[in-house]
Asks: 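One structure follows; several queries about it will come next.
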There are 2 protein chains.
Amino acid sequence: MSSDPRALRSRAAVVRGAAELLLADGPGGVTVDAVVQRTGVARSTIYRHFPTSTDVLRAAVDAVLPEVAPGGPAAAGESPRDVLVRRVTATAEQLATGAWVRALPALLELVAREPALEAHRAEIVARHRTDLVEHLSAAADAGLLPVGTDLGLTADRLVGPLFYRRLITGEPLTPELCEQLVDSVLTPGDPR
Amino acid sequence: MSSDPRALRSRAAVVRGAAELLLADGPGGVTVDAVVQRTGVARSTIYRHFPTSTDVLRAAVDAVLPEVAPGGPAAAGESPRDVLVRRVTATAEQLATGAWVRALPALLELVAREPALEAHRAEIVARHRTDLVEHLSAAADAGLLPVGTDLGLTADRLVGPLFYRRLITGEPLTPELCEQLVDSVLTPGDPR
DNA sequence: TCAGTACGAAACAGTACTGTAGCGAAAAGA
DNA sequence: TCTTTTCGCTACAGTACTGTTTCGTACTGA
């Protein structure tokens, strides 16, 4: 709509500040006053860019959610197993990041209560998942998986325990755990 | 302290109403006013029983949390595998219950933000887990698990994907899924 | 029966947040 | 340069919630 650099600048500052507040204090911490104090952007300016404070929160979630996807770039000359280990480990590290420890439960609660975010959540999950399924498909082609394996279920068996430990039990996510998970999914009896 | 039935009655009503509000609207919905309106108990009475509104919320969580533990009674003449399937299926059904769909993210966020609840959370998880580990131990004794298997990790591999699907992807938890999970954990090549 | 106690109702100050409005100043763009 | 747009600032009404207090009523237990 507006290409005025001032508008773009202040809008970006609001979104960034709101995202920081979301990560630090959860959804309840993202108030207009808090964003004003944190960013220096005026109250009236915020309401000029966003109809309601809920839209600010939504923009903050939009700015934060994509970071979930652990970017596992394509393999080099590494084995499919190593690709999987690297990919799962990346997810584990992301889950262990301080910001996410606090933000993940808050985001889950927010998404559960805000149907408008449901589509976005589904898209993130799908991207995350298809990426992992592709790696699993390569592993299957290499004979590392039993024929006829449900790759979607296998993906859940890989990352499910990670989220479970992070969210429910609070146990640490070690690299050894990631390797054990990958190996528990691959066909037994294959050396490294 | 007080054995006056009036006091016990109104206190119980407050806790029950607060628990209902917690399940219905999340932690943010548990306000003193809301409890007053829902239960008919007077504002002054609530503050006579609880120092702050946070204590009301805590009591509500205490009243709700124990229901998490899926009661898998001891086996009859069924095989260790069937015990595991029944146990995992019970967990899946509990996760699929309407109330928990809404309450679980809220509870997680609450526990993450309220260190006082951490101990309680750990106790619930431990009870849940030792129960499952016992079943797994029986399965290991029956030769259904490779020797030297980490039973704790195995427990995570069993229920982790359930929680992951419920919380993150939102996919349904079918009985078939539970069976597949159990079989994926047991040593391959064993008939029912 | 009767004293003690818990009760419901209502009013109160204090705090925090939302959303609106009007203002002069500063920056952008022609 | 000059007009337009955006800005920050401040004040405002409205809402919601917390925690306190008072008062008359109804229940409990001896």
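When reading the values below, keep in mind they use all heavy atoms of this one structure, side chains included, and skip hydrogens, waters and symmetry mates. Per chain, numbering begins at 1; letters A, B, ... match sequence-line order.
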Asks: Of the residues in residues 47-61 of chain B, which ones touch DNA chain D at a heavy-atom distance under 4.0 Å?
Replies: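 By residue number: B:Y47, B:T52, B:S53.
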
Asks: Of B:V41, B:L57, B:L21, which is the lone residue that meets side-chain contact (heavy atoms from CB on, under 4.5 Å) with B:V35?
Replies: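 Of all the options given, the one that passes is B:L21.
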
Asks: Is a donor on one side and an acceptor on the other found under 3.5 Å between the side chain of B:D55 and the backbone of B:T52?
Replies: yes

Asks: Identify, with sequence neighbours excluded, every residue that meets side chain to side chain contact (heavy atoms under 4.5 Å, CB included) alongside A:R121.
Replies: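 Once residues adjacent in sequence are excluded, the partners of A:R121 under the side chain to side chain contact (heavy atoms under 4.5 Å, CB included) criterion are A:V111, A:E118, A:V125.
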
Asks: Using only atom types and a distance under 3.5 Å, with no angle test, would you say the side chain of B:T149 pairs donor to acceptor with the backbone of B:L145?
Replies: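 Flag not set: sc B:T149 to bb B:L145 has no pair under 3.5 Å.
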
Asks: Donor-acceptor pairs under 3.5 Å, side chain of residues 42-50 of chain A to any protein atom, not counting sequence neighbours: which ones?
Replies:
residue, atom, partner, partner atom, Å
A:R43, NH1, A:D33, OD1, 2.8
A:H49, NE2, A:S10, OG, 3.3

Asks: Measure distances between side-chain N and O atoms of B:S44 and base N and O atoms of C:dA10, and say whether any donor-acceptor pair falls under 3.5 Å.
Replies: no

Asks: Taking ring pair (Phe, Tyr, Trp, His ring centres under 6.0 Å) as the test, write out the residues that go with B:Y164, two or more places apart.
Replies: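 Partners of B:Y164 under the ring pair (Phe, Tyr, Trp, His ring centres under 6.0 Å) test: A:F163.
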
Asks: Would you call A:V61 and A:V64 a side-chain contact if the rule is heavy atoms closer than 4.5 Å?
Replies: no

Asks: Could you tell me whether B:R166 and B:E171 have a side-chain N and a carboxylate O separated by less than 4.0 Å?
Replies: no

Asks: Taking NZ, NE, NH1 and NH2 as the nitrogens, is one of them in B:R87 or B:D131 under 4.0 Å from a carboxylate oxygen of the other?
Replies: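 Result for this pair is yes, salt bridge flagged.
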
Asks: Within this structure, what is the CD1-to-P distance between A:I46 and C:dT18, rounded to whole angstrom?
Replies: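 A:I46 atom CD1 is separated from C:dT18 atom P by 10 Å.
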
Asks: Any donor-acceptor pair under 3.5 Å between the side chain of A:R43 and the base of C:dG19?
Replies: yes

Asks: Below 4.0 Å from chain B heavy atoms, what is the first contacting nucleotide of DNA chain D and what is the last?
Replies: D:dC17 to D:dG29

Asks: Hey, are A:E179 and A:R86 close enough for a salt bridge, meaning a charged N less than 4.0 Å from a carboxylate O?
Replies: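 Salt bridge flag = no for A:R86 with A:E179.
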
Asks: Below 4.0 angstrom, which residues in residues 4-14 of chain A have at least one non-hydrogen atom near DNA chain D?
Replies: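 Those residues whose heavy atoms fall under 4.0 Å from DNA chain D, taken from residues 4-14 of chain A in numerical order, are A:D4, A:R6, A:A7, A:S10.
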
